[in-house]
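Any value given below was found using the heavy atoms of this structure, including those in side chains, with hydrogens, waters and symmetry copies removed. Bear in mind the structure is a predicted one, so any value in this text is a computation, not a measurement.
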There are 2 protein chains.
Amino acid sequence: MATLSDIGLAAAINILSAFAFFLAFAILRIQPVNDRVYFPKWYIKGLRSSPSAKGAFVSKFVNLDFRSYARFLNWMPAALHMPELELIDHAGLDSVVYLRIYLLGLKIFVPIAFLAFTIMVPVNWTNNNLEHSGLTFSDIDKLSISNIPNGSQRYWTHLVMAYAFTFWTCYVLKQEYEIVAAMRLHFLASEQRRPDQFTVLVRNVPPDPDESVSELVEHFFLVNHPDHYLSHQVVYNANKLSGLVEEKKKIRNWLDYYQNKYERNPSKRPLLKTGFLGLWGESVDAVDFYTAKIERLSRDISTEREKITNNPKSIMSAAFVSFKTRWGAAVCAQTQQCRNPTIWLTEWAPEPRDVYWENLAIPFVSLTVRRLIVAVAFFFLTFFFMIPIAIVQSLANIDSIEKALPFLKPIIKVEFVESFIQGFLPGIALKIFLIFLPTILMIMSKFEGFISLSALERRSASRYYFFQFINVFLGSIITGTAFQQLNQFIHQSTDEIPKTIGASIPMKATFFITYIMVDGWAGVAAEILRLKPLIFYHLKNFFLVKTEKDREEAMDPGTIGFNTGEPRIQLYFLLGLVYAVVTPILLPFIIVFFGLAYVVFRHQIINVYNQEYESAAAFWPDVHLRIIVALTVSQLLLMGLLSTKEAASSTPLLITLPVLTIWFHRFCKKRYEPAFVRNPIQEAMMKDTLERAREPSLNLKGFLQNAYMHPVFKSADDEDIYVAMGEWEEEPSLISTKRTSKRSTAF
Amino acid sequence: MATLSDIGLAAAINILSAFAFFLAFAILRIQPVNDRVYFPKWYIKGLRSSPSAKGAFVSKFVNLDFRSYARFLNWMPAALHMPELELIDHAGLDSVVYLRIYLLGLKIFVPIAFLAFTIMVPVNWTNNNLEHSGLTFSDIDKLSISNIPNGSQRYWTHLVMAYAFTFWTCYVLKQEYEIVAAMRLHFLASEQRRPDQFTVLVRNVPPDPDESVSELVEHFFLVNHPDHYLSHQVVYNANKLSGLVEEKKKIRNWLDYYQNKYERNPSKRPLLKTGFLGLWGESVDAVDFYTAKIERLSRDISTEREKITNNPKSIMSAAFVSFKTRWGAAVCAQTQQCRNPTIWLTEWAPEPRDVYWENLAIPFVSLTVRRLIVAVAFFFLTFFFMIPIAIVQSLANIDSIEKALPFLKPIIKVEFVESFIQGFLPGIALKIFLIFLPTILMIMSKFEGFISLSALERRSASRYYFFQFINVFLGSIITGTAFQQLNQFIHQSTDEIPKTIGASIPMKATFFITYIMVDGWAGVAAEILRLKPLIFYHLKNFFLVKTEKDREEAMDPGTIGFNTGEPRIQLYFLLGLVYAVVTPILLPFIIVFFGLAYVVFRHQIINVYNQEYESAAAFWPDVHLRIIVALTVSQLLLMGLLSTKEAASSTPLLITLPVLTIWFHRFCKKRYEPAFVRNPIQEAMMKDTLERAREPSLNLKGFLQNAYMHPVFKSADDEDIYVAMGEWEEEPSLISTKRTSKRSTAF
């Protein structure tokens, strides 16, 4: 076990590297040439433009004002400066509530740490169990629960503390849920008029031999919501078209590249080999080649576009239906339309940029089968992911490389290369897998059929958390692959499992302290440097950028990345709650992480990230649930640990804790979750009434006209697409269907 | 273990006793004097009246037509005769769907038994594992899986059979769910106009210092559902009043009794002692005494009634809100009204006779706390119910009785009495507990705050099933109290539990066969005799009945009793599915039970039971879920059994079965359950449109006026109550609130 000085050394190294990152960031960010890397959010908002060319040429790229280097940490107070309301305006509610997760960490752990250090640490310290045990131990262990002899009455302190921590955590969680729910409702209520307030997404429109999807939707809603239906927009299957547009964009990049090259060196036309990867084949003029290619693609695109608009088969069985009032939309989204609950499924439309278009047309049965497949696949991914990696690792050793590629023999026999391969290659397979894990999880979620980006990210985050819980948390404590754990747990009795894990928790404290410093301190500090976007921006800037618009596109502001970021925070909640009673020395490290990360991400949200969508903090129930899970896990593990300490009389008192916690969760779920999934009628009616009073002659139809058009039609540079797709339904004056004789009344 | 001849003997005894019950029934039912006991349903429907007095006096009471005794089983074909549609008309959908549970049992088990006997029994029989094992065994065991040696390839048969049985069960379940859902929707659609179609129950109306509940409700719905709100009816807290009315009814019974006595013997006024239990105290004239008492109660009732109508505190924070259209009610019931999801809770109103009035005013927080308390209480009831019973048993032995009541010593020392106490008293404590169990569970459900009788019965049924599963099924297999099992399971590894249970399953087959015959054959046959109602009817008839109306009230038709009946059927599903692969000889016994019970209960439903409410088969999702649970349990236990048989290679194949079963359940839940909990907009609109075309000038308000009045106001014999309570809201022409300026428009 590590001693205090070991930890001190590790802390020093990590603090230093964090400082190095901050210093590098401080220097790089004030160089005008990096301005678009470190302040893209302001460019996107149009509040900042490229540095003007006044002054020397050099000062366009390098900051020569040396005074500004002295204040190299002044971004920190600046990041904290912007008030929350302004931040909501600036970056949206999602980002602000995301930051509140860090604040929540501080709110939970600062008082807990205070209590632990004033009460529990002295109780632990004033024992000498470890000194008599004959085991090697460090000063850190003297502060932990391990220092108390078995069967001691002092365990009552820990029991009382466990109760105190649980109540405090639940109290803070409840407060926070209440605040976030109120923020969300206030945000939704004070918002501008938005198309998704009036719009409902209808899926699984049943096929009809006599009517087109569009007619069918219109008739259905005119019949069943006669006073509220306004219009609808069918969904086109434009996946192929968006592929073509994507390709055209890529080719245009190459064209730009060669044109730039040609302009810089007009004496020589750039050449290109048409074969594989440009390595062989016939040489052609690159500019002409790509110009021709773009022309061909443009033709293909317009053919495809025509095909989509004219072919009824390219209309998917889904539609965005708009209503005259928010009330009508709220009613339609929350009710079941048809006696068959698998057709005419209605739900709130996500906001237009949040829609994941590819999944809109998946039928019901396919959805349930997909869910089963993904569940099974995820189970295997979590518990058996080591198997393919182990195979790759066994292949990536010296002998098998020698066999497969004998001509490499002289190289790999060099001692340095050999040790590199043996030391590095096996690890790299695992590392690559872990880098691709979020992508794999995202693909799973997409396959599962969610229809909005926010839902995709939320689901991926849940899976990522579970993976981390099994493979990082339990994996580090029990040290074995997930499958070995699973096997062990199956063969172990139910009350043995928390004992096994609980008993090994105190021993792993130093490992997790190091983990927190590397991942939580240095990792967060590295985040602010944005090394990858920095390099990519400069590469693009050099090769592709011709106009200001190109430079705009070369920026990569990125997003918070809820699907990876949130599970990462949750790991710290888990560690903090589990170790709060066992080894409280861990808490300050976690508090530093939460504080540092709060400042860094607040800075990033203000200056860098550009959210793709706004879900109005729809993720909070997930955040809440995971903290509750962490709390319950910590209680069960404490129970296991204490029962190995012969403090068994505490068991009945400890078992009530998870029961109360789960009950608390159910209470919160009923009390607050509806604010995140349903839309209250009263609110809708209030906004409708206000709006009617303020703007009696509002042209809502015009407002909603093109709101839910596939982005490929919007982003296309050919203007005629708008015309082709603008087949917005006319005001339906009379419905030619036998099903009803009701007429839609003008609003 | 029992041999075939033992089983044969038990079967003979049980078949004989079943026949005895049928014979007694056949004789009793054709006696005119019992007519109201065996055909109350027809009396209630007004299709049958007391036998006319023509012919001899004796024939009014005794059937002298001896030919009718010869056809003593002819009720059976008669019971099967009524077609299903007519039966729905006659007894309601609940009863018909309840009968379908028995049919479902036949549909599942007849083909399974056929397959098992043609394929599996020969495979089992043609082994001689048991002969070589040196164990005692019977012919029954030779037919079971025990006869196959460990590690044999023949276990593949059982594996394939497990798959076949699972697929068949799931297929039948899916078909049945589809049929029942269609029946429910058809029933709801073809129904007469009913108040609950237009009405929504609002609970947790927030308190308002300025407005009464009634005003508040009116304003809220006029603002938020301006085009649809029609009227509302507040709920009075009439629990005390109904207590008084109840008491008055009881006193009137006594008055009738003494009046009858006096009429039969006019020479002597009946006397009564006013002291404890009428055993001592002053003697008074009984008729005068009770007349005075009734008068006093009548006064109390009218005072209380006045208090309720005038005191705003007796108005509960709940109301029945009626809408102009079914569409409006469907919308309001399915949407969230207020941004705070714990107030203004709306849900479909149960039909008036289904309402459980006492629970209408429980606030939200209290509800969640009650749920926790009941969950904990039920846990202790299930696992620790043996403790108080053991205490009672230990008290109820000879020595402690001798100590407590020494004067009884001479009596209990008599050998016969002594053996009776020792042999019978301990058992009687358990028996009494089991008799009261459904009542205890019902009290729990009531405490939990459900607002309709049907929901109360459904929840009690779930709890009863769980109790049975733990204490009857697992308790018989593992033979130990539930708490001992729990203790054992906690200390056992997860994969050991199915092994322990699985391995002891084949040995318990004969026990369960006997259980089925006693409880399922003889028990069902006893049901038709209705011994308790028969005795009570004749007692009442003799002492109380004066008028035809009294005789009407003396009938006790009873109900199906979903809360006890359904869990009892489910136990047979569980036994059948668990033993289908293990000991198929059990299946014919179960099939006989299902067949017999179907006929008996069909007869009872046609002739006897009178359902208190109609929930339109809302219980079917529960029935489906429990069969799925039984299926999953059977698969897990088979897995445990086979793994002890060294047929371990089957485990991966067997583990996919529960995964698929649970997935199937989730599919069904999504596909069919909405039909049982939500009301499709389309249906509501269709009925509204039809109605508007048929009856354009319908006075809906008049129709709904007194629909949701507390039954105590309706049943009271004083007619003036109607007037006092008829404070139905006038058409609200103008709303005096600042919150909106909208006027309600006439429909």
Side-chain angles (χ1 to χ4, degrees), chain A residues 181-182 185 189 220 223-227 327 330-342 344 364-365 367-369 371-372 375-376 489-497 656 659-660 663 666-667 670-675 678-686 689 693 739-742, chain B residues 181-182 185 189 220 223-227 327 330-342 344 364-365 367-369 371-372 375-376 489-497 656 659-660 663 666-667 670-675 678-686 689 693 739-742:
Chain A
L185 288 171
F220 185 85
V223 169
N224 293 305
H225 296 267
D227 304 332
W327 192 93
V331 158
C332 182
Q334 293 180 56
T335 50
Q336 185 182 331
Q337 307 305 313
C338 182
R339 63 149 67 184
N340 179 346
T342 62
W344 294 108
F364 177 80
V365 176
L367 269 185
T368 49
V369 174
R371 206 147 286 173
L372 174 68
V376 172
F489 287 156
I490 286 178
H491 290 93
Q492 220 168 23
S493 80
T494 321
D495 67 337
E496 277 300 316
I497 297 170
T656 51
V659 172
L660 285 177
W663 173 79
R666 292 176 63 124
F667 169 78
K670 280 216 168 168
R671 174 69 184 79
Y672 299 111
E673 204 180 286
R678 309 180 81 180
N679 218 37
I681 293 281
Q682 198 183 19
E683 299 271 306
M685 189 49 111
M686 216 137 64
T689 315
R739 297 179 202 173
T740 177
S741 62
K742 271 196 74 66
Chain B
L185 287 171
F220 185 86
V223 169
N224 293 305
H225 296 268
D227 304 332
W327 192 93
V331 159
C332 181
Q334 293 180 55
T335 50
Q336 185 183 330
Q337 306 306 313
C338 183
R339 63 148 67 186
N340 179 345
T342 62
W344 294 108
F364 177 79
V365 175
L367 269 185
T368 49
V369 174
R371 207 147 285 173
L372 174 68
V376 171
F489 287 157
I490 285 178
H491 290 93
Q492 219 168 24
S493 80
T494 321
D495 68 336
E496 278 300 317
I497 297 170
T656 51
V659 172
L660 285 177
W663 174 80
R666 291 176 63 121
F667 168 79
K670 278 215 169 170
R671 174 70 184 79
Y672 300 111
E673 203 180 288
R678 308 180 82 180
N679 216 38
I681 293 281
Q682 198 183 18
E683 299 272 307
M685 189 49 110
M686 216 137 62
T689 314
R739 296 179 204 174
T740 176
S741 62
K742 270 195 72 66

Return the option, out of A:V331, A:L372, A:V365, with the maximum number of heavy-atom pairs under 4.5 Å with chain B.
-> A:L372
Given a strict heavy-atom distance threshold of 4.5 Å, which part of A:L660 is in contact with chain B: side chain, backbone, both, or neither?
-> side chain
In terms of heavy-atom pairs under 4.5 Å with chain A, the winner among B:V659, B:V369, B:V376 is B:V369
What residues form a side chain to side chain donor-acceptor pair (under 3.5 Å) with B:E673, not counting sequence neighbours?
-> B:K669
B:N224 to A:Q682 - nearest heavy-atom pair and separation | OD1-CA, 3.4 Å
Give, for atom CG of A:L367 and atom NZ of B:K670, the distance between the pair rounded to the nearest 0.5 Å.
-> 7.5 Å
Do the side chain of A:W327 and the main chain of B:H225 share a donor and acceptor less than 3.5 angstrom apart?
-> no
Taking A:W663 for its side chain and B:R371 for its backbone only, find out whether a donor-acceptor pair lies under 3.5 Å.
-> no
Side chain to side chain contact (heavy atoms under 4.5 Å, CB included) against A:Q334, all qualifying residues, sequence neighbours excluded = A:A330, A:R678, A:N679, B:T335, B:Q336
